[in-house]
2 protein chains.
Amino acid sequence: MGNTERLRRITDAVRRAGSLGVADLAALTGASEMTVRRDLEVLAEQGVLERYRGGARSLLLRGDEPPFALRAQEGLEAKRRIAAEVAALIADGESVVVDSGTTCLEVARALRGRRVTVMPLSLHAVNALAEPSGHAAGTVTALLVPGGRPRPGEGALTGPLTRASLEALRFDTAVVGCCGLGAAQGLTAYDLDDADVKRTAIASARRVIAATEGAKLGRTALAFVAPAAALHAVVTDASAPADELAALSAAGVTVRTVGTRP
Amino acid sequence: MGNTERLRRITDAVRRAGSLGVADLAALTGASEMTVRRDLEVLAEQGVLERYRGGARSLLLRGDEPPFALRAQEGLEAKRRIAAEVAALIADGESVVVDSGTTCLEVARALRGRRVTVMPLSLHAVNALAEPSGHAAGTVTALLVPGGRPRPGEGALTGPLTRASLEALRFDTAVVGCCGLGAAQGLTAYDLDDADVKRTAIASARRVIAATEGAKLGRTALAFVAPAAALHAVVTDASAPADELAALSAAGVTVRTVGTRP
DNA sequence: TCTTTCAAACATCAATCATGTGGGATACGT
DNA sequence: ACGTATCCCACATGATTGATGTTTGAAAGA
């Protein structure tokens with residue numbers, strides 16, 4: 001779909017300006033007003049913006065995270081590389097709990113077909129691992145679904161059922177994503193329920209790997225999950241600030257950076 | 001996709017004959033050999049049959065149930081009507097657990113957008129209820145995902161995690177499907193794990209509705225789930241044998257038959 | 001070795017989707 | 001209430017995808 005780029009530009013423009021007219025957006029994107037309207041309808045359904053007669057205003061005023069569908073596209077290449085590196089750290093036969101989020105979704109995809117037991121914490125990842133992996137008979141990846149209520153849009157499973165599912169099991173490895181990470185502030189997330197799930201996942205795993213884009217390093221989000229010392233390894237990309245990496249390393253975390261180029 | 005019909009015919013022909021050549025199937029379906037080969041590949045991936053050089057042999061020799069994708073298409077109209085009737089029996093605000101199986105999948109679809117809390121016991125139904133219902137903001141249907149291991153193909157969630165999820169909750173209504181049902185033999189299923197889940201679901205609901213095609217009435221499958229008296233209502237279609245319906249009625253079950261014609 | 005069968009590559013057709021255009025309906029400002 | 005700008009509903013068009021068939025070189029089995 002080539003409309004993704006246009007949706008992104010509309011989202012950005014509206015967010016930057018606060019609100020914008022349909023005509024402005026049509027001029028900006030080069031598309032017709034009708035197309036812009038259809039786009040706005042889509043974005044309004046995703047909760048990105050709110051429509052009013054003549055234009056739209058952004059609902060993501062501040063540090064709110066953009067909707068899943070958009071984030072999943074951004075920096076896909078880097079996420080894939082990070083995911084491949086994480087998958088390489090996981091041995092056959094292991095049991096792994098994989099967090100929600102777009103980076104971890106790629107990790108789930110990278111584990112598809114591997115001889116491992118996986119419990120993904122988001123519906124997106126569940127779908128990525130269920131069935132369509134091909135050979136229905138010779139399926140080697142064992143899939144475990146946790147209970148919970150899916151958070152709208154994210155598909156992230158949360159709540160007491162998720163907690164109970166995690167507490168009933170012990171994993172070799174937990175792969176967690178984050179919204180912010182640093183040696184000083186530890187691992188943080190935007191959503192309180194998510195943070196709770198992450199914490200429980202970390203508690204039921206022997207080894208914890210954080211998978212995150214470099215841009216998240218040094219940032220802090222609302223909900224505290226765990227101190228940096230709770231992590232055994234961090235896999236990130238080359239865009240990560242060097243001082244943060246050094247600080248994490250000094251805190252005893254194994255740091256792995258995947259190149260931005262092949 | 002118009003290929004469904006051809007897939008069904010190939011499946012039937014191979015099952016009837018035990019094994020068949022590619023040329024025979026091409027002649028039977030009127031399609032080219034290449035298309036038949038591609039179909040066989042698909043069916044082999046679904047575990048329906050096994051390929052060998054020159055043809056394929058059926059893997060569903062006995063009373064095994066055909067794969068989910070095929071069953072989901074058969075009698076869709078009747079299933080939709082049954083599902084609509086079941087949905088009409090459920091009041092707004094109720095919490096409902098919906099069993100796995102193709103008929104119950106339609107029930108889940110029928111509940112989409114209703115102001116109810118739903119816990120579906122299969123991944124297919126989870127996907128039918130998650131997100132793409134439109135308005136991300138004004139989503140009224142509360143979705144609860146049970147834990148468990150999805151049974152390959154079926155997507156039916158089973159095992160201790162599923163059991164634990166069910167035992168942690170109490171529902172107003174359980175909608176269960178079945179592979180066999182009768183006043184004498186009770187409600188039965190093919191799969192032992194499924195039967196266990198069904199039993200647990202029934203135990204944690206105040207009211208139990210069985211939704212099933214008429215053809216299942218009077219049949220018996222391997223695993224016993226519950227006596228007919230455990231059911232409060234049965235919704236089926238006009239193809240159900242009258243004597244079975246009468247016997248169920250006599251056992252104190254409310255019987256509802258939806259017409260085959262609108 | 002030779003024949004049959006298979007699968008990758010290309011061509012074709014239909015279906016679907018994205019987009020644009022016109023016209024009638026609708027909402028907002030005055 | 002009126003007028004105008006805006007919106008949405010159809011329908012048309014171009015692009016993309018998916019299913020099917022044909023060809024052809026490779027591979028399996030006799």
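Chain letters run A, B, ... following the sequence lines, proteins first and then strands; every chain starts at 1.
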Exercise. Between Glu5(A) (CD) and dT19(C) (P), how many Å, whole number?
Worked result: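 Those two atoms, CD and P, are 12 Å apart.
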Sequence neighbours excluded, which residues qualify as salt bridge (charged side-chain N to carboxylate O under 4.0 Å, His left out) partners of [X]?
X         : value
Asp24(A)  : none
Asp193(B) : none
Glu33(A)  : Arg37(A)
Arg149(A) : none

For this session: Would you mind listing every ring-ring contact (aromatic ring centres under 6.0 Å, His included) that reaches into residues 65-114 of chain B, with sequence neighbours excluded?
Result: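 Qualifying pairs: Phe68(B)-His124(B).
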Exercise. Should Glu154(B) and Arg71(B) count as an ion pair when the cut-off is N to O under 4.0 Å?
Worked result: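 Salt bridge present between Glu154(B) and Arg71(B).
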Exercise. Counting only side-chain N and O atoms of Arg6(B), is one of them less than 4.0 Å from OP1 or OP2 of dT20(D)?
Worked result: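 Checking Arg6(B) against dT20(D): at least one side-chain N or O falls below 4.0 Å of OP1 or OP2.
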Problem set entry | Contact list for residues 51-60 of chain B, test salt bridge (Lys or Arg N to Asp or Glu O under 4.0 Å), sequence neighbours left out |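 Qualifying pairs: Glu50(B)-Arg57(B).
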Exercise. Which residues within residues 22-43 of chain B lie with some heavy atom under 4.0 Å of an atom in DNA chain C?
Worked result: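 Residues of residues 22-43 of chain B that come under 4.0 Å of DNA chain C are, in numerical order, Val22(B), Met34(B), Arg37(B).
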For this session: Give me the bend of the helix from dT1(C)-dA30(D) to dT30(C)-dA1(D), using the axes of the five pairs at each end, rounded to 10°.
Result: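 Comparing the first five pairs with the last five, the axes sit 40° apart.
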Exercise. Mind checking what makes side-chain hydrogen bond (donor to acceptor under 3.5 Å, both in side chains) contact with Thr29(A), not counting sequence neighbours?
Worked result: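 Expected list: none.
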For this session: With sequence neighbours excluded, tell me which residues meet side-chain hydrogen bond (donor to acceptor under 3.5 Å, both in side chains) with Ser32(A).
Result: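 With neighbours one apart ignored, the set is Thr35(A).
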Seminar exercise, completed: Scoring nucleotides 25-30 of chain D by protein non-hydrogen atoms under 4.0 Å (B base, S sugar-phosphate only, - none) yields --BBS-
Exercise. NA contact type, Gly55(A), heavy-atom cut-off 4.0 Å: base, sugar-phosphate, or nothing?
Worked result: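 It contacts sugar-phosphate atoms only.
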For residues 101-111 of chain B, please give each side-chain donor-acceptor pair under 3.5 Å, one per line with the distance, not counting sequence neighbours.
from: Thr102(B); atom 1: OG1; to: Lys79(B); atom 2: NZ; distance (Å): 3.0
from: Glu106(B); atom 1: OE1; to: Arg80(B); atom 2: NE; distance (Å): 3.1
from: Glu106(B); atom 1: OE2; to: Arg109(B); atom 2: NH1; distance (Å): 2.7

